[in-house]
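A short write-up of the structure that comes next.
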4 protein chains.
Amino acid sequence: MPEGGHLPLLKKEKKTKYLRRQQEVLDAAAAVIARKGYHGASTTDIAGELGVAQPSLYYYFASKDEALEEICRIGTAGYLERLQAIMDGTGATRNKIRDAIRAHIEPVRTIPNYVKSFQRERRYLPAERRHELGRLIGEYDKLFRLLLESGVSAGDLKPDLDCELAALMLITQCNVAQYFVGDDVSLDRTSTAIADVFLTGAEL
Amino acid sequence: MPEGGHLPLLKKEKKTKYLRRQQEVLDAAAAVIARKGYHGASTTDIAGELGVAQPSLYYYFASKDEALEEICRIGTAGYLERLQAIMDGTGATRNKIRDAIRAHIEPVRTIPNYVKSFQRERRYLPAERRHELGRLIGEYDKLFRLLLESGVSAGDLKPDLDCELAALMLITQCNVAQYFVGDDVSLDRTSTAIADVFLTGAEL
Amino acid sequence: MPEGGHLPLLKKEKKTKYLRRQQEVLDAAAAVIARKGYHGASTTDIAGELGVAQPSLYYYFASKDEALEEICRIGTAGYLERLQAIMDGTGATRNKIRDAIRAHIEPVRTIPNYVKSFQRERRYLPAERRHELGRLIGEYDKLFRLLLESGVSAGDLKPDLDCELAALMLITQCNVAQYFVGDDVSLDRTSTAIADVFLTGAEL
Amino acid sequence: MPEGGHLPLLKKEKKTKYLRRQQEVLDAAAAVIARKGYHGASTTDIAGELGVAQPSLYYYFASKDEALEEICRIGTAGYLERLQAIMDGTGATRNKIRDAIRAHIEPVRTIPNYVKSFQRERRYLPAERRHELGRLIGEYDKLFRLLLESGVSAGDLKPDLDCELAALMLITQCNVAQYFVGDDVSLDRTSTAIADVFLTGAEL
DNA sequence: TATGAATGAGCCTTCATTCAT
DNA sequence: TATGAATGAAGGCTCATTCAT
């Protein structure tokens with residue numbers, strides 16, 4: 001279970017400190033990778049962000065690949081569980097959908113660099129891990145689709161809704177949301193707009 | 001208008017052949033860059049795609065940068081004009097919107113590698129060209145927003161529609177459309193789904 | 001003052017060792033460049049001279065250009081000061097001239113590769129640094145000319161001496177001296193011969 | 001005897017035209033090599049100087065090396081003969097020396113690019129040709145030395161003159177002369193100054 | 001805990017050269 | 001007579017990684 005990969009044998013008391021520092025290293029890596037792309041981000045850039053010498057990174061990660069893996073792991077953590085929890089709730093479909101959108105967008109606020117890195121750079125993961133992630137994403141897509149389908153079944157959504165596509169559309173809409181957030185466009189406004197348009201449409 | 005960069009002094013009759021070959025080189029570059037990303041795509045990869053030696057590329061392009069520039073130029077060509085033409089038409093708002101979506105998605109079918117490369121790799125362009133493209137994109141976004149605003153004015157769209165955001169949402173929705181096109185999901189189906197959901201919403 | 005270019009963040013105690021090694025690298029570069037010319041000397045040649053892998057050089061210099069800059073800096077260091085010191089002295093003009101010649105030739109003995117590289121390869125420096133060096137050389141030429149002019153004023157040299165040209169002639173004479181030094185021609189003999197001929201001429 | 005190397009089988013009438021064009025190509029090569037150095041001058045630069053496509057050069061020369069060989073041949077042609085002729089004359093030593101200086105400097109005026117290229121770039125010649133040239137230079141140096149020695153024997157020059165070194169000094173002095181020719185320094189003035197200083201010295 | 005030093009692999013690019021036309 | 005097209009070799013440089021300390 002040492003998901004964080006690489007991990008020297010340490011006395012328990014040291015371990016916490018080590019993990020904390022590893023987190024900082026990861027934050028720096030995620031920041032630089034989000035900004036410059038995986039191949040555009042050199043380990044020197046990342047070390048520079050931290051103010052340490054470049055080989056020091058290798059004390060926390062066995063390779064750049066591994067760091068990306070860990071970043072993607074963090075950037076995707078909890079999505080399935082949160083969506084499942086929402087679906088298990090009892091509210092109206094429209095509220096479940098609003099919640100799902102908010103839940104999906106939330107990490108964009110809290111860990112934006114992890115999310116961006118995962119979204120745009122996961123294709124550079126080693127094949128195995130990439131496929132593993134692909135399966136996870138597939139499950140999430142399916143779950144989201146189930147949410148819509150149950151809405152249709154419940155008579156809350158249009159009976160002819162293309163649930164498969166609609167799910168993908170909602171998800172990608174949330175994913176790109178961050179890129180048009182700016183000085184005058186907040187995440188909340190975006191989140192609401194996505195839900196409003198999706199549920200009620202633009203036409204009078 | 002298609003500057004095409006680099007161009008040895010050639011007699012007119014040979015020029016056509018040269019430009020045709022340059023186009024092939026560009027196609028290969030776009031294909032590899034779309035697949036592997038700009039930094040992930042080596043000039044050796046591109047040459048391999050063409051079955052030529054790697055320095056041969058430099059007979060057609062002065063640099064990898066320049067090739068990306070040209071790819072982005074092609075990948076963005078005509079968008080503004082097509083959207084403007086649609087807006088200048090006389091149909092109902094809903095039809096204009098459907099047309100705009102189809103027009104935006106169309107290049108995804110015809111020149112997918114150029115579109116993908118532009119969308120994902122433009123940030124690696126040299127600063128000047130990148131900013132130039134940024135301005136172009138800004139204009140397009142604004143034009144799309146005007147389309148929606150005129151729909152609101154005409155009483156075809158909801159008076160409280162957040163046109164700025166809605167425009168961005170539609171555009172990005174179209175942009176990502178290609179990534180969920182697969183064996184059983186066609187571009188047409190996607191195009192229709194985007195329009196349907198946007199116009200009428202998912203709720204009954 | 002010796003900028004030394006490139007310099008990783010090092011603890012003070014390590015700095016000395018780093019600078020010493022940098023000096024060795026520079027020595028090797030100067031040797032190869034003096035032998036083969038700037039463009040004829042590949043970084044691989046230089047690394048070979050040191051017995052290290054070629055990229056190792058980049059730990060000590062940011063670029064080949066920068067190494068040439070540093071070589072030229074060293075190859076020109078102190079000339080102005082030494083000449084000025086001689087001119088500030090109180091001896092007879094003839095002795096000052098002999099001293100100036102010896103001073104000019106001295107680095108040819110101590111750091112021949114730096115001097116040769118500077119003399120023959122400075123034209124390949126980046127424009128800015130090249131112009132900077134040009135100004136330095138101009139000042140030196142002027143100072144040397146002043147030395148001769150003061151000799152004329154003092155009545156030690158012929159009143160019709162073309163001091164401008166004579167200065168250039170002496171300087172270049174010293175510069176090329178190294179190329180005819182061989183088994184039976186020493187620097188001392190050369191240095192004396194230059195001064196003798198210049199002062200008293202060859203005719204009876 | 002086809003010294004010009006490379007030479008296709010041509011009817012006699014065409015030959016002249018071919019040789020004339022070859023001369024132009026050589027002039028261009030010498031110009032660019034003088035300006036940028038042998039390794040700094042690309043065949044593309046040379047072709048650009050001529051306004052032709054770059055492979056066209058290979059119609060006149062088998063290789064860049066060969067062009068340099070030919071340039072050096074031209075740049076050194078006649079020196080020995082001219083000096084010999086002067087020595088065979090009957091004038092006073094001082095006039096022979098003045099004539100020798102003028103003769104040595106003359107090509108700097110007429111074919112400066114060949115002279116510069118020869119002087120600075122001959123070390124990049126293929127070994128054999130380089131050594132051959134070295135022998136020629138050696139002969140010239142010896143002849144010049146004989147001129148001085150005969151002057152000493154005739155009682156025209158100081159009996160203790162270091163003729164070996166003095167010859168080298170004069171020659172190199174002439175060689176570098178061109179580099180300080182400028183707006184206000186002519187070749188004539190330089191030529192005279194060299195002779196004056198050499199013969200009578202600078203001291204009163 | 002962290003780093004100084006070094007390196008193999010690989011990248012983009014330039015260049016002299018070739019050859020069919 | 002000249003060139004369009006292509007290429008092998010090499011060049012300078014960057015990068016992820018290693019390892020002794």
Side-chain angles (χ1 to χ4, degrees), chain A residues 8 10 14 17-18 21 39-47 50 52-67, chain B residues 8-11 13-15 17-18 21-22 39-47 50-67, chain C residues 8-11 13-15 17-18 21-22 39-47 50-67, chain D residues 8 10 14 17-18 21 39-47 50 52-67:
Chain A
L10 295 172
K14 296 272 178 179
K17 208 171 146 198
Y18 175 83
R21 186 69 174 138
H39 282 122
S42 73
T43 55
T44 301
D45 291 335
I46 297 169
L50 283 162
V52 301
Q54 178 254 25
S56 304
L57 302 177
Y58 286 81
Y59 188 65
Y60 297 101
F61 291 97
S63 69
K64 203 184 162 192
D65 270 2
E66 199 199 81
Chain B
L9 294 129
L10 294 174
K11 285 150 192 170
E13 42 170 343
K14 299 277 176 179
K15 217 167 177 174
K17 208 168 147 197
Y18 176 83
R21 185 71 171 138
Q22 193 182 47
H39 282 123
S42 73
T43 55
T44 302
D45 292 334
I46 296 168
L50 284 162
V52 300
Q54 180 260 18
S56 302
L57 301 177
Y58 287 81
Y59 186 59
Y60 297 98
F61 290 97
S63 68
K64 202 185 165 192
D65 268 3
E66 199 200 80
Chain C
L9 296 130
L10 295 173
K11 285 151 190 167
E13 41 170 345
K14 299 278 176 178
K15 217 168 179 174
K17 207 170 149 195
Y18 176 83
R21 185 71 171 139
Q22 193 182 46
H39 283 122
S42 73
T43 55
T44 303
D45 292 334
I46 296 169
L50 284 162
V52 300
Q54 182 259 20
S56 302
L57 301 177
Y58 287 81
Y59 187 59
Y60 297 99
F61 290 97
S63 69
K64 203 185 164 192
D65 268 4
E66 199 200 82
Chain D
L10 295 172
K14 296 272 180 180
K17 208 172 146 200
Y18 175 83
R21 186 71 172 135
H39 282 123
S42 73
T43 55
T44 302
D45 291 335
I46 296 169
L50 283 162
V52 301
Q54 178 253 25
S56 304
L57 302 177
Y58 286 81
Y59 188 65
Y60 297 100
F61 291 97
S63 69
K64 203 184 163 192
D65 269 3
E66 201 200 79

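Quick note on labels: first sequence line is chain A, next is B, and so on, each numbered from 1.
One interatomic measurement links the two molecules: NE2 of A/H39 to C1' of E/dC11, which rounds to 12 Å at whole-angstrom precision. The interatomic distance linking A/I46 (CD1) with F/dT17 (P) rounds to 10 Å, in whole Å. For the pair C/L57 CG and E/dT7 P, the interatomic distance rounds to 10 Å; values are reported in whole Å. In this structure, C/Y59 places its OH atom 8 Å from P of E/dA6, rounding to the nearest Å. Here E/dA5 presents its P atom at 11 Å from CD of C/Q22, a figure rounded to the nearest Å. Taking atom CZ on B/F61 and atom P on E/dT13, their separation rounds to 13 Å, with Å as the unit. The nearest whole Å value for the distance from the OH atom in D/Y58 to the C1' atom in E/dT18 is 9 Å. Note: CG (A/L50) to P (E/dA2) measures 10 Å, nearest angstrom.
Here the side chain of D/Y60 is nearest to one of F/dG12, F/dA2, E/dT3, namely F/dA2. Distance from the side chain of B/S42 is smallest to E/dC12 among E/dC15, E/dC12, F/dA6. Considering only the side chain of C/A53, E/dT7 comes nearest among E/dT7, E/dA5, F/dT3. Taking only side-chain atoms of B/K64, from C-beta outward, the nucleotide of F/dA5, E/dA5, E/dT13 with the closest atom is E/dT13.
Checked against side chain to side chain contact (heavy atoms under 4.5 Å, CB included), D/T43 has the following partners two or more places apart in sequence or in another chain: D/Q54, D/L57, D/Y58, D/K64.
Regarding contacts with the backbone of E/dA6, a side-chain N or O of C/R21 is found under 4.0 angstrom from either OP1 or OP2. Between A/T43 and the phosphate of F/dC15, there is no side-chain N or O to OP1/OP2 separation shorter than 4.0 Å.
The two residues D/Y18 and D/Y59 have their closest heavy-atom pair at OH-O, 3.0 Å.
Where C/S63 and A/T44 each meet DNA chain F at their nearest nucleotide, the meeting point lying more 5' is that of C/S63. Along DNA chain E, the nucleotide closest to A/V52 and the one closest to D/D45 are compared, and the more 5′ of them pairs with A/V52.
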Using atom names, set out every protein N or O paired with an N or O of nucleotides 19-21 of chain E below 3.5 Å, distance rounded to 0.1 Å.
none

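Within 3.5 Å, no donor on the side chain of B/Q54 pairs with an acceptor on the base of E/dC12, nor the reverse.
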For this session: Kindly express the pairing pattern of DNA chain F in dot-bracket notation, using | wherever a base pairs with another strand and counting only Watson-Crick or G-U pairs under 3.5 Å.
Result: .||||||||||||||||||||

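Counting non-hydrogen atoms under 4.0 angstrom, B/A41 reaches the backbone sugars and phosphates but no base.
A 4.5 Å side-chain heavy-atom check between C/Q22 and C/F61 finds at least one atom pair inside the cut-off.
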